[in-house]
Engineer: 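Quick one: the structure is below, and I'll ask about it shortly.
Here the structure is a predicted model, which is why all the values come from computation and not from measurement. By convention in this document, chain letters (A, B, ...) are assigned in the order of the sequence lines, proteins followed by strands, and residues within each chain are numbered from 1. Every heavy atom of this structure was used, including side-chain atoms; hydrogens, water molecules and symmetry mates were not.
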There are 2 protein chains.
Amino acid sequence: MAVSERGPRERMVFSAAQLIRRDGVGPTGMRDVAAHAQAPRGSLQHYFPGGKEQLVNEAVAWAGRYAGNRIARFLAALPEPTPSGLFAEMVRQWTDEYETSGFAGGCPVAAATVDCAESTASTREAASAAFSTWTGSVAEALTGMGVAEERAAALATLMISSLEGAIVIARAERDVRALRTVSGELGPLLDAAVPKTVAD
Amino acid sequence: MAVSERGPRERMVFSAAQLIRRDGVGPTGMRDVAAHAQAPRGSLQHYFPGGKEQLVNEAVAWAGRYAGNRIARFLAALPEPTPSGLFAEMVRQWTDEYETSGFAGGCPVAAATVDCAESTASTREAASAAFSTWTGSVAEALTGMGVAEERAAALATLMISSLEGAIVIARAERDVRALRTVSGELGPLLDAAVPKTVAD
DNA sequence: GGGCTACTATGACCGTTGTCATAGACGGGA
DNA sequence: TCCCGTCTATGACAACGGTCATAGTAGCCC
């Protein structure tokens, strides 16, 4: 929401991510982005000489970094870090948004993938990179809880896959049911991956 | 691929689903649909007086029915029906396609949700209905294997969520890794839901 | 054949899109 | 004051979108 501060360039990237996650890449126009960012339309060609493609790619990259950074913050907020607790927190970010602000937006990276994976190679690569940094953050968090490295990567992929899918279903149904379900069902499986220690 | 037979109307719905799943709803044009279906452009307004919205909605509904019907077929093809076996088959449908035909397409229902959930209410409802019939088919299959009814619904949601998310990641990465991962990781969890019987 | 309905064929309209071209404003050094 | 790089402001353009209007064809019943 902090739109006013930061430079116009960063605001436009941020706004692009917001509009993309709401309407998809295709229907989101450059003029809309400038208006939403309260930035001059003329700045578009100045900051993004690569056109829409560049703007979309930067928005996707921004979203990937954002998601990755959230993981560390979730981890810090957990009193006792467990895989299920982390996943619950990741899911909660979405249920909270949906319950307080409505089901307007999904994941911008998923939106970019769905809209551009076949048509725009560079955007597909940006989305891949975003998923990669996100998965990396989650896997790192899991290994920090004692999960074996290979397993952590697999579980991170599982967590993000389930979350992404549940987001789509939740938006379609306008109901957080799917999000709650995946969180609840996956919890025990995730915690089972951390080796048992005596008590504590 | 069976484009030639069936009436023009059905072909157009089918083609719409194919194009949507490849490029998303926004970038898919009505003229493209008619061309892809080898159907006369003039027929569009005849069969779909509701315009693009109606066409998209029917394509989404068609995809939902298709996905639901596939479940029954997967089930029949399994020598010994298990939840993990069903899920593996659902996933294999995608890995097979991606490995033989490339990563061109995703799930049309997901694409419609991402592109239209906020902008077009009727399409969002169509997507919701599609997910519902799909989930229903999976849940029914699970109960047939002895899974308790409420649990079956939850697991069906989990399976479809993971699958949808993995599809998106696989397309972004152009790698079936994510699909294989969710299939492998979720298998044991799914099978654990069917009550143990002595032998057999 | 006459009349009817189902379907097809095109061309035009109008809004929107991404992009470009051109020109203006601002701000600091020299 | 002049210069120059950074940024802003607008108007125009060409392409494409969905939709409509109008006219045409095919087949069938009476």
Side-chain angles (χ1 to χ4, degrees), chain A residues 3-20 22-60 108 111-112 114-116 118-123 126, chain B residues 3-20 22-60 108 111-112 114-116 118-123 126:
Chain A
V3 168
S4 43
E5 277 332 302
R6 292 182 241 273
R9 207 199 121 99
E10 192 173 352
R11 287 210 313 272
M12 284 190 276
V13 172
F14 181 82
S15 289
Q18 281 209 290
L19 295 182
I20 287 171
R22 194 173 63 189
D23 301 320
V25 173
T28 296
M30 303 282 277
R31 291 167 170 85
D32 302 343
V33 172
H36 183 275
Q38 294 182 328
R41 186 165 76 86
S43 300
L44 278 172
Q45 77 179 276
H46 181 72
Y47 290 116
F48 307 95
K52 186 177 187 177
E53 189 173 332
Q54 180 186 358
L55 177 57
V56 170
N57 294 354
E58 293 203 23
V60 168
V114 166
D115 276 354
C116 307
E118 189 60 15
S119 61
T120 316
S122 69
T123 303
Chain B
V3 167
S4 45
E5 277 332 303
R6 291 182 242 272
R9 205 198 124 97
E10 193 172 351
R11 287 209 314 272
M12 283 191 278
V13 173
F14 179 83
S15 289
Q18 281 209 290
L19 295 181
I20 287 170
R22 194 173 62 188
D23 302 319
V25 173
T28 295
M30 302 283 277
R31 293 167 170 86
D32 302 344
V33 172
H36 183 275
Q38 293 182 329
R41 188 166 74 88
S43 299
L44 278 172
Q45 77 179 278
H46 180 72
Y47 289 116
F48 308 95
K52 187 177 187 178
E53 186 173 334
Q54 180 187 357
L55 178 56
V56 170
N57 294 355
E58 293 202 22
V60 168
V114 166
D115 276 354
C116 308
E118 189 59 15
S119 61
T120 316
S122 69
T123 302

Engineer: Determine whether a donor-acceptor pair (N or O, by modelled atom type, separation under 3.5 Å) exists between the side chain of Arg11(A) and the backbone of Gln38(A).
Structural biologist: yes
Engineer: Looking only at side-chain N and O atoms, does Ser43(A) come under 4.0 Å of OP1 or OP2 in dC7(D)?
Structural biologist: no
Engineer: Walk me through whether Phe48(A) and Arg9(A) qualify under side-chain contact (heavy atoms from CB on, under 4.5 Å).
Structural biologist: CA-CA 9 Å; Phe48(A) 307 95; Arg9(A) 207 199 121 99; 3.9 Å; yes
Engineer: How many angstroms lie between OG1 in Thr120(A) and CG in Asp115(A), if you round to the nearest 0.5 Å?
Structural biologist: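 Between Thr120(A) OG1 and Asp115(A) CG, I get 9.0 Å after rounding to 0.5 Å.
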Engineer: For a quick check, with a 4.0 angstrom heavy-atom cut-off, what is the B/S/- contact string for nucleotides 11-18 of chain D, read 5' to 3'?
Structural biologist: BB----BB
Engineer: Round to a whole Å and report the spacing from NE2 of His46(A) to P of dG5(D).
Structural biologist: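 So the two atoms are 13 Å apart, to the nearest Å.
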Engineer: Filter on side-chain hydrogen bond (donor to acceptor under 3.5 Å, both in side chains), then keep only pairs touching residues 46-56 of chain A, sequence neighbours left out; what's left?
Structural biologist: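 Those involving residues 46-56 of chain A are Glu53(A)-Ser122(A), Gln54(A)-Glu58(A).
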Engineer: Send over the distance from Tyr47(A) OH to dT6(D) C1', rounded to a whole Å.
Structural biologist: 8 Å
Engineer: Looking at every non-hydrogen atom in both residues, tell me the closest pair between Ala17(A) and Ala59(A) and how far apart they are.
Structural biologist: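 Reported closest heavy-atom pair: N-CB, 3.8 Å.
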Engineer: To the closest 0.5 Å, what do you measure between CG (Asn57(B)) and OG1 (Thr123(B))?
Structural biologist: 3.5 Å
Engineer: Could you give the CD-to-C1' distance, from Gln38(B) to dT8(C), as a whole number of Å?
Structural biologist: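 These atoms are roughly 16 Å apart.
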Engineer: Take Ser43(A) and Met12(A), measure what side-chain contact (heavy atoms from CB on, under 4.5 Å) needs, and give me the verdict at the end.
Structural biologist: CA-CA 9 Å; Ser43(A) 300; Met12(A) 284 190 276; 3.8 Å; yes
Engineer: Search all heavy atoms of Pro108(B) against all heavy atoms of Ile20(B) and return the closest pair with its distance.
Structural biologist: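 Here Pro108(B) and Ile20(B) meet closest at O-CG2, 4.0 Å.
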Engineer: Over the length of the helix from dG15(C)-dC16(D) to dA30(C)-dT1(D), how much do the five-pair end axes diverge, rounded to 10 degrees?
Structural biologist: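 For the helix from dG15(C)-dC16(D) to dA30(C)-dT1(D), the axes at opposite ends meet at about 20°.
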